[in-house]
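A short write-up of the structure that comes next.
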2 protein chains.
Amino acid sequence: MRKSFLFLDTIINKVDAKGRVSLPSDYRAILKDLSTEIVCYRSLSAPCIEGCTEELLDKLATDIESSMDFFSQEQDDLTNLIFGDAKRFPFDSTGRIVLSEKLLKHAQITDAAVFVGKGRKFQIWNPQNWEKEEARIRAEVLKKRPQLSVKPEGGAE
Amino acid sequence: MRKSFLFLDTIINKVDAKGRVSLPSDYRAILKDLSTEIVCYRSLSAPCIEGCTEELLDKLATDIESSMDFFSQEQDDLTNLIFGDAKRFPFDSTGRIVLSEKLLKHAQITDAAVFVGKGRKFQIWNPQNWEKEEARIRAEVLKKRPQLSVKPEGGAE
DNA sequence: CTCTGACTTATGGTATATCATGGGATTTTA
DNA sequence: TAAAATCCCATGATATACCATAAGTCAGAG
């Protein structure tokens with residue numbers, strides 16, 4: 001059994017002219033000995049970048065390998081899209097990765113990026129877009145589960 | 001357990017007059033000590049070249065061997081086609097392979113080739129054809145999973 | 001409780017290594 | 001021997017690794 005690892009928290013970091021960003025130290029700490037790189041791809045569901053370990057994608061590849069026959073390509077459009085889009089991003093000794101133009105453009109990221117933990121995955125957002133997205137998610141959740149709106153004390157604003 | 005290897009990303013490289021193409025360095029890195037060659041064959045499902053490690057084809061052979069499904073004429077025919085068509089392509093010290101006329105013609109590749117990661121396999125496309133194919137796949141995916149197209153602002157109807 | 005110092009992290013800048021690619025030399029094959 | 005395939009070297013562009021500084025965090029001492 002492996003030790004659990006989770007991407008948590010929300011961190012904002014600067015992006016320089018070359019597209020370099022520091023991967024949050026917590027994220028790096030999680031990977032520690034396992035790896036010095038992360039895999040990123042354009043999210044299919046939102047204007048953001050998604051990141052995960054190569055291990056996770058490898059698991060996906062193994063699942064496909066065993067569940068489908070070698071020649072079939074019908075049902076794996078989605079996964080094929082991911083593999084073609086995903087790229088390894090190794091981080092250097094200072095913990096930075098350089099994001100590709102393609103990814104930055106898709107997420108509309110220019111000079112700052114928000115890292116949002118999603119458990120086994122994480123997302124990277126343009127700060128303004130994330131602000132809106134978070135508000136949307138909160139509203140959505142509260143609509144479905146109004147009891148959650150009962151707060152111990154003062155609210156968000 | 002072996003270390004994971006995945007063909008990822010989408011890379012475009014030039015094809016010179018001799019039919020030489022650089023195999024993306026990431027792809028070479030995956031094979032590292034294992035091998036200095038790659039196996040390629042004409043895709044049965046698309047106008048492109050498919051590539052993989054010899055190891056994968058070996059696995060395919062083993063699976064067929066031990067399968068109770070050896071009555072399947074269709075699968076038999078397909079595997080014959082693959083093994084008959086596949087060829088080893090060694091790459092030199094600079095990481096280039098020379099694709100055969102047969103493969104180039106099938107994929108309509110002349111002066112540029114797009115390498116598309118597919119996990120355990122990869123594909124090589126004519127750039128224009130790939131552009132169209134990618135658009136097709138993206139449309140297909142969104143059609144099958146409409147909820148993914150929901151954006152923070154633009155609503156789903 | 002406050003100040004101070006050690007340590008970690010983020011970030012800007014720069015040097016270095018790697019890769020794709022063109023050209024040419026050498027070997028193989030017919 | 002001619003043609004074709006393979007190998008090797010050179011080069012410019014790009015990406016990567018490294019160094020230095022700054023800022024922020026935490027712990028312990030006074």
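Computed from heavy atoms alone, side chains included, the values below leave out hydrogens, waters and symmetry copies. Protein chains get the first letters and strands the later ones, always in sequence-line order, with residue 1 at the start of each.
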Q. With A:Glu134, which of A:Arg138, A:Lys132, A:Arg136 fulfils salt bridge (charged side-chain N to carboxylate O under 4.0 Å, His left out)?
A.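 Answer to the salt bridge (charged side-chain N to carboxylate O under 4.0 Å, His left out) test with A:Glu134 among A:Arg138, A:Lys132, A:Arg136: A:Arg138.
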
Would you mind telling me which of [options] lies closest to the side-chain atoms of [X]?
X       : options                : answer
B:Arg20 : C:dT21, D:dA17, D:dC7  : D:dC7
B:Asp16 : C:dG12, C:dG22, C:dT11 : C:dG22
A:Ser22 : C:dT14, C:dT21, C:dA10 : C:dA10
A:Val98 : D:dC7, D:dC18, D:dT16  : D:dT16
A:Thr94 : C:dA10, C:dT11, C:dA20 : C:dT11

**Q.** Touch class at under 4.0 angstrom, heavy-atom based, for B:Ser25 against every strand present
**A.**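 Here B:Ser25 touches the backbone only, sparing every base.
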
Q: Indicate, with a heavy-atom threshold strictly under 4.0 Å, whether A:Ser93 touches base, sugar-phosphate, or nothing.
A: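 No contact at all - A:Ser93 keeps every heavy atom at 4.0 Å or more from the nucleic acid.
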
Q) Think B:Arg120 forms a cation-pi with B:Phe7, using NZ or CZ under 6.0 Å from the six-ring centre and within 45 degrees of its axis? A)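 Output no; distance or angle outside limits.
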
What is the distance from [atom1] of [X] to [atom2] of [N], rounded to the nearest Å?
X        : N      : atom1 : atom2 : value
B:Asn13  : C:dC19 : CG    : P     : 12 Å
B:Asp111 : C:dA20 : CG    : C1'   : 15 Å
B:Asp26  : C:dT18 : CG    : P     : 14 Å
A:Asp92  : C:dT16 : CG    : P     : 17 Å
B:Ile11  : D:dT14 : CD1   : P     : 16 Å
B:Asp9   : C:dC19 : CG    : P     : 15 Å
A:Lys14  : D:dA22 : NZ    : P     : 14 Å
A:Phe89  : D:dT16 : CZ    : C1'   : 14 Å

Q: Could you tell me whether the phosphate oxygens of D:dC19, OP1 or OP2, come under 4.0 Å of any side-chain nitrogen or oxygen in A:Arg96?
A: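 For A:Arg96, the contact criterion (side-chain N or O under 4.0 Å from OP1 or OP2 of D:dC19) is not met.
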
Q. Are A:Lys18 and C:dG12 close enough that a side-chain N or O sits under 4.0 Å from OP1 or OP2?
A.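 No, because none of the side-chain N or O atoms of A:Lys18 sits under 4.0 Å from OP1 or OP2 of C:dG12.
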
Q: Identify the two heavy atoms, one from A:His106 and one from A:Ala46, that lie closest to each other, and give their separation to 0.1 Å.
A: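 What the structure gives for the nearest pair is CE1-O, 3.2 Å.
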
Q: Ignoring hydrogens and angles, tell me if any N or O in the side chain of B:Asn13 forms a donor-acceptor pair with the backbone of B:Ser22 under 3.5 Å.
A: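 Indeed, once roles are kept as given, a pair shorter than 3.5 Å links the two residues.
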
**Q.** First encountered from the 5' end of DNA chain D, between B:Pro90 and A:Lys87
**A.**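 In this pair, the answer is B:Pro90.
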
**Q.** More than 12 heavy atoms from other groups under 6.0 Å of CD on A:Glu140
**A.**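 Count over threshold, so yes.
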
